[in-house]
Amino acid sequence: MKQSDGMTVIVKTITRMSVWLIILYGIYIILHGHLTPGGGFAGGVIIALAFLNVMLAYGRKYTEQWLNVRIMYDLVSTGAILFLIIGIFGIALKGSFLANILDLGELFKLESAGVIPIIDIFIGVIVSMGLFVMVWTLAVFHLEDGGEE
Amino acid sequence: MIIYLLCFILFLVGLYGVLTKRNLIKIILSLSIMEYSANLFLVLFGYKRDALFPILEKGKEIQSMVDPLPQALVLTSIVIELGITAMLVALAVRLYQKYKTFDITKIRRLSG
Amino acid sequence: MIVDTWVIFILGIMIIGSIAAIEQKEMLSAIITVGIVGLGTSLIFLFLQAPDLAIVQFLFEIFAIIILVRAFIKPDYHKSEPSIMNKIVTVLTVLVLVAILFCSIDMLKALPEFGNPSMETSKYYVDNANAAKETHSANIVTSIILDYRAYDTLGEATVLFTAILGTITILRIKTKKRKSEEAIE
């Protein structure tokens, strides 16, 4: 099958050079969610698009070797559970669900706003891994037994 | 007023697509058009003339800002839309695999 | 007032684009034409001073187009012949929708004027930037979704999680069954 072999050499080279930059940009957007526009949702989609870029350019088999997709399924659930655990810590320490339990810090600093950047990271994990897993499932299904029978 | 009207017309165009088209893909596309117009309607409510985006910057005094609440609500709703779109796509691919068609009238006939 | 002009202009393009997308015969062109509507929405968010939403909408549009194109592009997918019944239904629907539009003009007049929001709920967040002072987060939208209304966000994450599980379940069950059938045969 031609589709599983990926695209031309040009596309593969550009993808190899740019994919880590895209992931780095996504991480930047997630971490600066409380200072600049962006946050967990936008950064998560950027990271998912970087993985998707690899999948489209190199094909399914190579991506399966490069990434461990099973761990991604688990990371989605882990992100959701950690979000909940932070909420329960809020009950234990401050008396209300999802209360801001950490030190607030100084305005306009990266390590400020207490619990907000941490929740942002968890949301980024849920969104990026979840969306990639979704597209992965669609692609695997389509290649195995899409229109045949 | 005219802006709200145009936004509502966009919603009705999406509704027209959902009601009349028989192709499943067209129905999914029309649904997403309806979702866009609903999000847009919420954000149009929150716009305040001559106000700035609700993000503080260092060394700038506080000015009047647009309403941040609809923006926060729409931000979560956009993400859910994408999840729903992907799920509908999965359902449509499944249906095609079983019935060999995207035409909803034929799908109904075959199942009954 | 320049914002009004731009928003009306882009909304006009979006309406034309959506009609073109719905009436298009070719499926690939229809999917790409819906991109006009999504990117127009992103532009309008930028004009309405919502950079957060503009970024997210732009990225999600790209993602949605990739998903749709990847799933639905096959030449023999789409053959449907229009019937007379379908035409009658179309005409009736258009008439009903136009009637709804005319009836709703009064409703739209009752809304607050564009550019003067009531802002009763969010007055507290914005006045003197109370939200930033309480949570020490410079982005007030983030402080709302992750601190004041973090419960909403938890619900949203749950819905997204359920949608992912749903997609995996829909695409998986039959495949497993078919594999076991093949094994029996």
Side-chain angles (χ1 to χ4, degrees), chain A residues 29 32-46 48-49 52 56 73 76-77 79-80 83-84 86-87 90 97-100 104-109 112-120 122-123 126-127 129-131 133-135 137-142 144-147 149, chain C residues 46 50-64 66-74 76-77 129 132-143 145-154 156-158 160-172 174-175 178-179:
Chain A
I29 291 268
H32 287 251
H34 56 297
L35 301 176
T36 53
F41 299 112
V45 184
I46 291 173
L49 279 171
L52 195 56
L56 291 177
Y73 283 96
V76 181
S77 328
F83 194 166
L84 252 181
I86 281 196
F97 192 61
L98 281 166
N100 208 335
L104 284 181
E106 200 180 328
L107 196 58
F108 299 121
K109 280 272 171 60
S112 66
V115 88
I116 289 178
I118 297 169
I119 297 182
D120 240 349
F122 293 150
I123 288 178
I126 296 174
V127 171
M129 298 303 153
L131 291 180
V133 161
M134 243 178 198
V135 180
T137 321
L138 265 172
V140 169
F141 173 80
H142 208 244
E144 271 178 2
D145 44 8
E149 220 175 352
Chain C
L46 212 54
D52 277 302
L53 292 179
I55 294 174
V56 176
Q57 177 73 48
F58 184 78
L59 291 167
F60 274 81
E61 192 51 44
I62 296 169
F63 210 96
I66 290 176
I67 289 179
L68 287 168
V69 167
R70 222 191 130 80
F72 290 142
I73 292 313
K74 268 203 166 181
D76 57 335
Y77 265 14
K133 276 174 193 153
E134 280 184 8
T135 64
H136 285 222
S137 147
N139 188 342
I140 293 181
V141 176
T142 308
S143 77
I145 59 171
L146 294 180
D147 198 310
Y148 293 107
R149 289 172 182 259
Y151 208 71
D152 279 10
T153 311
L154 182 64
E156 181 272 336
T158 317
L160 188 67
F161 191 64
T162 317
I164 294 163
L165 281 184
T167 311
I168 295 171
T169 320
I170 288 168
L171 291 179
R172 233 195 215 162
K174 255 292 183 44
T175 323
R178 179 169 307 146
K179 267 179 192 160

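By convention in this document, chain letters (A, B, ...) are assigned in the order of the sequence lines, proteins followed by strands, and residues within each chain are numbered from 1.
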Partner set under side-chain hydrogen bond (donor to acceptor under 3.5 Å, both in side chains) for E61(C), not counting sequence neighbours: Y36(B)
Chain C contacts, top residue of [options] (heavy-atom pairs, under 4.5 Å):
| options | value |
| --- | --- |
| A80(A), G38(A), G43(A), G39(A) | G38(A) |
| F122(A), F41(A), F83(A) | F83(A) |
| V115(A), V135(A), I116(A) | I116(A) |
| L84(A), I29(A), V127(A), L131(A) | L131(A) |

Closest approach of [X] to [Y] (non-hydrogen atoms, all atoms of both residues):
| X | Y | value |
| --- | --- | --- |
| F63(C) | A48(A) | CE1-CB, 3.9 Å |
| T36(A) | N139(C) | O-ND2, 3.1 Å |
| P117(A) | H34(A) | CG-CE1, 3.7 Å |

What part of [X] is in contact with chain C, defined as an atom under 4.5 angstrom from a non-hydrogen atom: side chain, backbone, both or neither?
| X | result |
| --- | --- |
| V133(A) | side chain |
| S77(A) | both |
| I123(A) | side chain |

CA sep, side-chain torsions, deciding dist, call: L146(C), D120(A), side-chain contact (heavy atoms from CB on, under 4.5 Å): CA-CA 8 Å; L146(C) 294 180; D120(A) 240 349; 3.5 Å; yes
Heavy-atom side-chain proximity of L46(C) to F58(C) below 4.5 angstrom: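 Not in contact.
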Heavy-atom side-chain contact between I66(C) and L49(A) under 4.5 Å: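 I66(C) vs L49(A): side chains touch.
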So for [X], is it side chain, backbone, both, or neither that comes closer than 4.5 Å to the heavy atoms of chain A?
| X | value |
| --- | --- |
| L53(C) | neither |
| A50(C) | neither |
| I164(C) | both |
| L165(C) | neither |
| L154(C) | both |
| Q57(C) | neither |

Partner chain A: residue of L59(C), T167(C), T153(C) with the largest heavy-atom pair count (under 4.5 Å): L59(C)
Exam field: side chain T142(C) to backbone G33(A), donor-acceptor pair closer than 3.5 Å: yes
Sequence-distant partners of Y148(C), ring-ring contact (aromatic ring centres under 6.0 Å, His included), two or more places apart: Y125(C)
